[in-house]
Novice: 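Pasting a structure below so you can have a look.
Each ligand, and each atom within it, is numbered from 1 in the order the structure gives. Hydrogens, waters and symmetry mates are skipped; everything else that's a heavy atom, side chains included, is used.
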Amino acid sequence: PIHQKEYLVNGEMRTWNGAMHTVLSPVYIKTANGLEQKVVGSYPLATEVEALEALEAAVKAYNHGRGEWPTMTIPERIACLEKFTNMMTEKKKEIVNLLMWEIGKSYADSVKEFDRTVQYNYDTIDALKDLDRNHSRFVIEQGIIGQIRRAPLGVVLCMGPFNYPLNETFATLIPALIMGNTVLFKPPKHGTLLHYPLLEAFRQCFPKGVVNTVYGRGNTIVGPMIATGNINVLTLIGSSKVADKLKKSHPKSNRLKAVLGLDAKNLAIILDNADIEATVKECILGTLSFNGQRCTALKMIFVHNKVKDVFIKRFSEEVSKLKIGMPWEKGVQITPLPEPQKPAYIKECIEDAVSQGAKVMNEGGGLTNQSFVFPAVLYPVKKGMKLYTEEQFGPVIPIASFDDIEEPIQYMIESEHGQQLSIFGTDPTQIAKLIDPLVNQVCRVNINAQCQRGPDTFPFAGRKDSGENTLSVTDALRAFSIRTMVATKQTEENKA
Ligand code: G3H
């Protein structure tokens with residue numbers, strides 16, 4: 001096991017002597033006492049004192065934009081990120097291994113998450129070179145010469161999610177850093193230890209105080225940091241309730257920028273002319289990749305009554321064929337769930353739907369063993385059932401059917417969420433007509449394809465409770481910076 005005592009503050013690797021959080025794997029192993037969850041290790045449970053020390057270091061390193069890091073040239077900052085990315089690449093094996101043990105992600109998906117993150121760093125470097133023509137652009141209007149510059153925002157508190165603890169954390173951390181901000185980095189509760197192999201690289205590659213790590217319980221350490229008013233940007237990929245609460249704890253909330261990726265309940269609409277086999281294939285990926293624990297997962301399916309029977313039959317058959325197993329097993333699709341309360345919650349959702357008339361449509365759907373839950377397909381799911389509105393974030397798929405396309409459109413309008421949706425059908429004119437009303441409800445409409453964040457160069461955002469500001473390689477660089485002007489009156493001398 002990895003018992004991590006070190007944490008990085010003000011460029012120093014400090015040693016923690018206080019309480020530790022034990023990290024239990026969702027994977028059970030044989031022990032002398034029978035089957036038990038493997039202990040992956042432990043990490044510090046910092047208190048408010050350490051959190052505020054880390055914040056002070058970040059504030060000092062930023063120094064109102066006059067610190068070493070914010071005043072570095074872009075090529076100098078890029079060199080730091082390149083060095084970091086090289087060091088990170090050497091840690092691939094260790095990090096992939098920890099992704100499997102800490103959050104139960106399959107080997108194939110863990111490798112994908114790692115490689116995608118390295119690529120994200122390189123894409124960010126490329127995008128930065130092009131941004132606003134290298135940060136300094138001249139415009140001439142009405143006798144004024146304007147130079148547009150791009151400046152950092154200050155201190156960024158960065159919190160990633162457990163389902164993409166590396167990739168989605170870095171999707172905010174890296175653009176925040178490269179734009180010249182200083183950062184407080186709190187890894188997710190499940191998925192902290194996998195960042196440990198990178199701690200030394202952070203220390204070596206960035207000036208002191210630029211990256212500061214804070215470990216522990218969010219409700220002990222995050223609130224007090226925000227309450228100081230010294231955090232300029234809050235970035236969270238997680239729940240909208242938590243984001244709301246944190247935003248409110250800032251003494252001047254108008255001074256806090258939020259870059260947020262939040263709850264979603266993405267919908268698949270299957271039209272009566274859809275290619276059923278292709279749709280089933282995409283919906284399996286959309287609903288159950290990483291056990292449905294993706295913000296972009298399809299979390300509700302509306303299928304036209306004309307094709308309802310054939311779709312549900314084929315979809316349920318394919319769900320029943322999914323390979324359940326340990327993260328390192330070849331071809332595994334369903335793996336253990338890292339959130340200890342999740343199996344009970346899924347069971348509760350299924351019981352609630354069944355008690356109101358829905359049926360489990362696939363063999364073995366909902367069966368639970370240790371931290372495994374075999375996916376359940378539920379039909380008909382109706383208003384009033386938990387699964388109709390709640391974001392299940394796990395292996396259970398609610399299906400409803402419709403005659404009139406207005407029904408799924410109304411569902412979207414009434415929803416608290418607005419991230420993405422998928423439409424399946426073979427009539428391009430019909431689909432084109434649907435896009436207009438739906439594009440006003442979500443930030444991405446996928447045609448004959450599952451919902452997903454990638455390619456990472458596509459803007460990624462959410463309406464309503466699903467997010468604030470836009471991520472993606474280039475949009476994130478914009479989100480973590482501000483354009484400022486130097487405006488000079490034109491004279492005969494400076495005209496040339
Ligand atoms: O969990 C939320 C992620 O943004 C999903 O990313 O669509 O690449 O799986 P993904």
Side-chain angles (χ1 to χ4, degrees), residues 99 102-121 123-124 158-175 187-191 194 235-240 242-243 259-268 282-300 327 333-335 337-339 342 390-395 397 417-422 442-473 475-476 479:
L99 273 164
E102 257 189 298
I103 61 159
K105 193 168 262 197
S106 71
Y107 175 74
D109 284 348
S110 298
V111 169
K112 229 191 261 170
E113 172 160 357
F114 185 89
D115 291 345
R116 180 179 181 182
T117 310
V118 168
Q119 189 55 45
Y120 194 95
N121 291 2
D123 288 348
T124 299
C158 196
M159 290 180 288
F162 83 82
N163 62 336
Y164 277 98
L166 184 72
N167 179 262
E168 267 206 306
T169 304
F170 274 46
T172 53
L173 180 75
I174 295 301
K189 181 176 172 193
H190 310 288
L194 60 95
T235 165
L236 169 77
I237 313 289
S239 108
S240 54
V242 173
V259 181
L260 307 170
L262 305 172
D263 313 344
K265 180 90 175 170
N266 293 344
L267 177 66
E282 252 342 272
C283 285
I284 291 282
L285 286 176
T287 54
L288 289 170
S289 301
F290 193 36
N291 311 300
Q293 301 168 117
R294 295 158 63 223
C295 62
T296 46
L298 289 171
K299 298 190 182 104
M300 180 78 196
Q333 287 154 305
I334 301 298
T335 53
L337 308 179
E339 292 178 292
K342 196 41 80 77
E390 284 183 24
E391 181 188 22
Q392 66 270 37
F393 217 85
I397 308 114
H417 308 99
Q419 192 197 60
Q420 298 194 11
L421 84 102
S422 294
V442 291
C443 288
R444 172 162 159 176
V445 178
N446 302 279
I447 312 296
N448 291 318
Q450 64 153 324
C451 297
Q452 59 179 326
R453 179 164 42 116
D456 288 337
T457 44
F458 277 19
F460 177 61
R463 291 170 183 264
K464 301 191 231 178
D465 284 351
S466 288
E468 201 169 317
N469 275 302
T470 303
L471 289 174
S472 84
V473 168
D475 288 288

Novice: Between atom OG1 of Thr172 and atom CG of Asn167, what is the distance when rounded to the nearest 0.5 Å?
Specialist: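 Taking OG1 in Thr172 and CG in Asn167, the distance rounds to 10.0 Å.
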Novice: Can you find a heavy atom in the side chain of Ser239 that is under 4.5 Å from one in the side chain of Phe393?
Specialist: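 They are not in contact (no side-chain heavy atoms under 4.5 Å apart), so the answer is no.
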Novice: Compare all side-chain heavy atoms of Arg453 with those of Arg116 and state whether any distance is below 4.5 angstrom.
Specialist: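 When only atoms from C-beta onward are counted, Arg116 and Arg453 do touch, with a gap below 4.5 Å.
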Novice: Within 45 degrees of the ring normal and closer than 6.0 Å to the centroid, is that where the cationic atom of Lys189 sits relative to Phe162?
Specialist: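 Output no; distance or angle outside limits.
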Novice: Can you list every protein residue that has a heavy atom under 4.0 Å from any atom of ligand 1, sorted by chain and residue number?
Specialist: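 Within the 4.0 Å shell of ligand 1, which is judged on heavy atoms, sit Arg116, Asn163, Tyr164, Glu168, Arg294, Cys295, Thr296, Gln452, Arg453, Phe460.
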Novice: Working to the nearest 0.5 Å, report the span between CG of Leu260 and CG of Leu471.
Specialist: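 Reported to 0.5 Å precision, the distance equals 9.0 Å.
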Novice: For residues Lys105 and Thr335, determine if any side-chain heavy atom of one lies less than 4.5 Å from a side-chain heavy atom of the other.
Specialist: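 With C-beta onward as the side chain, the pair stays apart.
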